[in-house]
Trainee: 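Following this message is one structure expressed as structure tokens.
Lettering of chains follows the sequences in order, A, B, ..., and the numbering in each one begins at 1.
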Number of protein chains: 2
Amino acid sequence: MIVADRKQRKKEQRRTEIVDAAEKLFYKKGFDNVTMDEIADAVEFSKGSLYVYFKNKDSLFFAIVARMHREYFRQFRELLDENASGGEQIRTMIRHLVEYTKDHQEYNDMACTIGPLIWSRMDTEYEQVLAENSMDYNLWLNDAINKGIADGSIRNDLNPALFGFYISLISISVVSPSPLWKKGFELAGVGYDEFVDNFQKFIDPSINNCKTEGPTKKHPAGKSG
Amino acid sequence: MIVADRKQRKKEQRRTEIVDAAEKLFYKKGFDNVTMDEIADAVEFSKGSLYVYFKNKDSLFFAIVARMHREYFRQFRELLDENASGGEQIRTMIRHLVEYTKDHQEYNDMACTIGPLIWSRMDTEYEQVLAENSMDYNLWLNDAINKGIADGSIRNDLNPALFGFYISLISISVVSPSPLWKKGFELAGVGYDEFVDNFQKFIDPSINNCKTEGPTKKHPAGKSG
DNA sequence: GTGCCTTTTTGACTCAGAGTCAATTATTGA
DNA sequence: TCAATAATTGACTCTGAGTCAAAAAGGCAC
């Protein structure tokens, strides 16, 4: 029925408006310092109505994150060259992550300040959404790593699943340091941009299949001992 | 005056008791799910008294963190071989971090769930304490890196301050992944212990002054570019 | 011991903000 | 126009952090 359709679209639009307003406020003041009343004011709704569209405050956060993730994965799919070597694909992933994150610092500051706490009270509904969102990505990552090991562009001395976790956890941690770390950078005269831009260079040796002899206990060539 | 001394000691002891109780509760239920009344009950005090010893709930968190840090640095100082090469010292740091963290997982789960939010509302008082706590460590880290670059045990193609931030941020991120990451490990059949135990092996190539012919075509001919 | 002063402890109170729900208002379809 | 349904409201409840005036305990001089 057409009327029902229009209603549906209107509802979607309302949801989007709410997410937009919440996002702006969370970025500006931090999730914890924004009240549901404020968000309601911003969209010219009453607080009660927010709870028709979203179960609670946490689910507003999830909506923002899910939207960001979708866009992130969409861009990445476009960028990826299926024919590149595994190692090259991983490097593309890191490059994209760095660029994307630099373009969304407000999001990242918000997400890495309140995110960990909200993840800790995640219920199954959001777990579901999150899992679905990252499913494709996980599959791709595993493929890329296996391909890279096979084609010799990625080191082969680590369990691929383990290697994948190092790459993703470390990359994410580096590109989205908490505001406290950022402050530390500044105090030491290191810019955030410099920090993320050089990450690729820093981590490359740990990705490549470089025949280094003896990872530990080597090179005491200097004045030690 | 002796009476004043005894009073002082008693006060210290009370503080410790409160921190102990809060720590236990935070580990078990998570910072956010513990009320000040519960903590008061646990130490058989009234809530009002807690606020004589601690400014607010956040400062209980800081007290726990500060104590943990002090112990961590104390152990590290004992372990460190001043005569080892820079690279070897960094490896000792990582090894110690891994072992210490494995022994304090409850602390880490708590700290990395609520920590980022609390850091974001840190006031100057705690900033001070934190800065003092990590001052020695930062100085040591810089020394170790410079020594390592000089003695050839650490790569010399990165700004030392930058390199230091990579090492510390990445190491900390890897040893204390949020509970959500840990869950991800499990689903993929990777144990947390396996994950942290192999970190050294993963990251070593990015530390060592290894002449790789990888994509970052850099061949440092001498000691500093 | 008694009275006086200081310190510690108490718990009822305030206040903020998330989430609820019965009542009100708007929309739709006949 | 009217009844049924859907959307919206805002006053309300509830929880928990932090406060503060009053009560209790501790110390001291006599």
Side-chain angles (χ1 to χ4, degrees), chain A residues 1-19 21-22 25-26 28-64 113-114 117-118 120-123 125-126, chain B residues 1-19 21-22 25-26 28-64 113-114 117-118 120-123 125-126:
Chain A
M1 209 210 257
I2 287 190
V3 172
D5 265 13
R6 188 157 54 77
K7 263 190 174 176
Q8 194 53 37
R9 260 183 300 128
K10 186 151 192 175
K11 241 188 148 169
E12 288 296 324
Q13 196 196 325
R14 282 270 149 98
R15 260 187 78 95
T16 305
E17 277 167 27
I18 295 170
V19 176
L25 284 165
F26 291 165
K28 193 166 66 180
K29 311 177 57 179
F31 183 88
D32 251 34
N33 302 315
V34 175
T35 69
M36 291 302 267
D37 280 302
E38 268 180 286
I39 298 170
D41 277 359
V43 290
E44 291 174 304
F45 255 42
S46 73
K47 180 161 66 164
S49 292
L50 293 189
Y51 287 88
V52 173
Y53 294 92
F54 294 93
K55 186 166 78 198
N56 53 29
K57 200 179 171 189
D58 281 8
S59 73
L60 277 170
F61 173 81
F62 282 113
I64 293 167
T113 297
I114 193 67
L117 179 59
I118 298 188
S120 81
R121 47 189 192 223
M122 181 156 48
D123 70 15
E125 182 189 337
Y126 299 115
Chain B
M1 212 212 255
I2 286 190
V3 173
D5 264 13
R6 189 159 51 80
K7 264 190 175 177
Q8 194 54 35
R9 259 183 301 130
K10 187 151 192 176
K11 240 187 151 170
E12 288 296 325
Q13 196 197 324
R14 282 271 149 99
R15 261 187 78 95
T16 305
E17 277 168 26
I18 296 170
V19 176
L25 284 165
F26 291 164
K28 192 166 66 180
K29 312 178 56 181
F31 182 87
D32 250 34
N33 302 316
V34 175
T35 68
M36 291 301 269
D37 279 302
E38 268 181 284
I39 298 170
D41 278 1
V43 291
E44 291 174 305
F45 255 42
S46 73
K47 180 161 66 163
S49 292
L50 294 189
Y51 287 88
V52 173
Y53 293 91
F54 295 92
K55 186 166 76 198
N56 53 28
K57 201 179 169 188
D58 280 8
S59 73
L60 276 170
F61 173 82
F62 282 113
I64 293 166
T113 297
I114 193 66
L117 179 59
I118 298 188
S120 82
R121 48 189 190 224
M122 180 157 45
D123 70 15
E125 181 190 337
Y126 299 115

Trainee: If you check the A:F45 side chain, which of D:dT9, C:dG11, D:dG18 turns out closest?
Mentor: D:dT9
Trainee: Among D:dA17, D:dT8, C:dG19, which is the nearest nucleotide to the side chain of A:V52?
Mentor: D:dT8
Trainee: Just to be sure I understand the rule, does B:Y53 reach a base, reach only the sugar-phosphate, or reach nothing, if contact means heavy atoms closer than 4.0 Å?
Mentor: sugar-phosphate
Trainee: Any side-chain N or O of B:S49 under 4.0 Å from OP1/OP2 of C:dT10?
Mentor: yes
Trainee: Measure the distance from CG on A:L25 to C1' on C:dG17 and round it to the nearest whole Å.
Mentor: 15 Å
Trainee: Heavy-atom count around B:K55 NZ within 6.0 Å, excluding the residue itself: above 12?
Mentor: yes
Trainee: By nearest atom, which of the nucleotides C:dG17, C:dG19, D:dA17 is closest to the A:N56 side chain?
Mentor: C:dG19
Trainee: To the nearest 0.5 Å, how far apart are CD in A:E44 and CD in A:E17?
Mentor: 9.5 Å
Trainee: Hey, which of these two, B:K47 or B:K11, hits DNA chain C nearer its 5' end, going by closest nucleotide?
Mentor: B:K11
Trainee: Whole-Å distance between C:dC21 C1' and A:L50 CG?
Mentor: 15 Å
Trainee: Distances under 3.5 Å between protein N/O atoms and the N/O atoms of nucleotides 23-25 of chain C, please, pair by pair.
Mentor:
none

Trainee: Is B:R14 near enough to C:dT8 that one of its side-chain N or O atoms lies under 4.0 angstrom from OP1 or OP2?
Mentor: no
Trainee: For the side chain of B:S46, starting at C-beta, report the closest nucleotide among C:dA18, D:dA17, C:dT9.
Mentor: C:dT9
Trainee: Over how many whole Å does the gap from A:D32 atom CG to D:dA17 atom P extend?
Mentor: 13 Å
Trainee: Between A:E12 (CD) and D:dA7 (P), how many Å, whole number?
Mentor: 13 Å
Trainee: Ring-plane angle category for B:F61 and B:F31, please: parallel below 30°, perpendicular beyond 60°, tilted otherwise.
Mentor: perpendicular
Trainee: Mark yes or no for whether B:R14, through its side chain, and B:Y53, through its backbone, hold a donor-acceptor pair below 3.5 Å.
Mentor: no
Trainee: Take the protein atom CG of B:D37 and the nucleotide atom C1' of D:dT15, then report the distance between them rounded to whole Å.
Mentor: 11 Å
Trainee: Does B:E12 offer a backbone N or O that forms a donor-acceptor pair with the side chain of B:T16 under 3.5 Å?
Mentor: yes
Trainee: Over how many whole Å does the gap from A:I114 atom CD1 to C:dA18 atom C1' extend?
Mentor: 14 Å
Trainee: Expressed as a whole number of angstroms, how long is the span from B:M36:CE to D:dT15:C1'?
Mentor: 15 Å
Trainee: Backbone N or O of B:E38 within a donor-acceptor pair of the B:T35 side chain at under 3.5 Å?
Mentor: yes
Trainee: What distance do A:I118 atom CD1 and A:D58 atom CG have between them, rounded to the nearest 0.5 Å?
Mentor: 4.5 Å
Trainee: Does a nitrogen or oxygen in the side chain of B:K57 sit under 4.0 Å from OP1 or OP2 of D:dA17?
Mentor: yes
Trainee: Separation of B:D41 atom CG from C:dT10 atom P, in whole Å?
Mentor: 11 Å
